[in-house]
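Everything below concerns the one structure shown next.
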There are 2 protein chains.
Amino acid sequence: MGLSMNRLREFREQAGLTQDRLAVCVKVSRQTINSIEAGRYVPSLELALRLGRVFGCRVEDLFGIPEVDDAGKA
Amino acid sequence: MGLSMNRLREFREQAGLTQDRLAVCVKVSRQTINSIEAGRYVPSLELALRLGRVFGCRVEDLFGIPEVDDAGKA
DNA sequence: GCTTGTCGTAAAGTATGCTTTACATACCGG
DNA sequence: CCGGTATGTAAAGCATACTTTACGACAAGC
């Protein structure tokens with residue numbers, strides 16, 4: 001739910017990268033980048049870390065913080 | 001490779017939590033926590049984000065930064 | 001009209017995160 | 001001795017990330 005919305009596209013466009021070039025940078029296929037931007041699935045931790053490194057930001061800046069959550073938390 | 005070594009146990013013990021209690025906090029099974037600490041696999045992004053939230057640290061503090069790059073990768 | 005570049009998306013296959021169930025160890029208190 | 005707590009680990013099964021291959025659409029330029 002929360003994670004299917006991310007700021008990947010925003011970061012990528014601001015960096016002036018195509019999906020293809022970003023994909024090469026982080027060593028996945030172009031479709032993987034596209035699917036993540038489209039919210040079709042959330043990346044693995046490894047990929048998320050690589051993306052954060054490319055953009056010089058925290059993983060939490062790209063994905064996350066949404067899920068405050070479920071009441072019975074603690 | 002790099003990600004199989006993480007600081008989860010360190011953070012957990014410092015927080016005075018058992019594997020069981022931490023598991024409940026982040027809503028996974030105890031075995032999942034154990035396996036991550038043992039380096040048997042790396043967590044999903046969702047779980048990593050929840051863990052970071054529990055410990056009040058960045059995902060990168062728990063997992064990461066290791067993989068500077070490939071060198072002989074290909 | 002053709003090609004080239006960027007994007008959107010789908011299907012089948014492989015890898016792996018996570019679950020449940022289960023058992024084994026070790027420490028501790030009684 | 002026994003019971004409870006905390007940990008280590010394994011197997012089978014389900015869900016999903018990621019791959020390759022493939023096709024469709026839109027714009028730009030020649």
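Letters A, B, ... mirror the listed sequences (proteins, then strands); counts begin at 1. Predicted model, so just to flag it, every value in this text is computed and none were measured. Any value given below was found using the heavy atoms of this structure, including those in side chains, with hydrogens, waters and symmetry copies removed.
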A/Ser35 or B/Ser44, whichever maps to the more 5' nucleotide of DNA chain C: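 Between the two, 5'-proximity favours A/Ser35.
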Residue met sooner reading DNA chain C from 5', once B/Gln31 and A/Arg12 are mapped to nucleotides: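 The answer here is A/Arg12.
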Check for me, please, whether B/Tyr41 and B/Leu49 land in the same ILVMFWY cluster - side-chain distances under 4.5 Å, paths through other members count.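 Looking at the clustering, B/Leu49 is in the same group as B/Tyr41.
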Would you say the side chain of B/Arg30 and the base of D/dG8 hold a donor-acceptor pair, judged only by whether the two atoms sit under 3.5 Å apart?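 Between D/dG8 and B/Arg30, which were checked side chain against base, a qualifying N/O pair under 3.5 Å is present.
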Have a look at B/Thr32 and say if it touches a base, only the backbone sugar-phosphate, or nothing, with a 4.0 Å heavy-atom cut-off.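 Here B/Thr32 touches the bases of the nucleic acid.
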Do any N or O atoms from the side chain of [X] and from the backbone of [Y] form a donor-acceptor pair under 3.5 angstrom?
X	Y	answer
B/Arg7	B/Leu62	no
A/Arg9	A/Glu37	no
A/Arg30	A/Gln19	no
A/Ser35	A/Gln31	yes

Nearest-angstrom distance from the residue atom [atom1] of [X] to [atom2] of [N]:
X	N	atom1	atom2	result
B/Tyr41	D/dA10	OH	C1'	12 Å
A/Glu46	D/dT19	CD	C1'	15 Å
B/Leu17	D/dA6	CG	C1'	13 Å
A/Leu22	D/dC18	CG	P	13 Å
B/Arg9	D/dA6	CZ	C1'	11 Å
A/Gln19	D/dA25	CD	C1'	14 Å

Any heavy-atom pair between the side chains of B/Glu60 and A/Arg53 that's under 4.5 Å?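 No; the side chains remain at least 4.5 Å from each other.
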Residues, nucleotides or ligands: over 12 heavy atoms within 6.0 Å of B/Arg21 CZ: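 For B/Arg21, atom CZ is not crowded (no more than 12 foreign heavy atoms under 6.0 Å).
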Examine D/dG8: is either OP1 or OP2 under 4.0 Å from a nitrogen or oxygen in the side chain of B/Asn34? Give yes or no.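 For D/dG8, OP1 or OP2 has a side-chain N or O of B/Asn34 closer than 4.0 Å.
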Heavy atoms of chain B, cut-off under 4.0 Å: which first and last nucleotide of DNA chain C, 5' to 3', fall inside that, if you could look?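 It runs C/dG17 to C/dA22.
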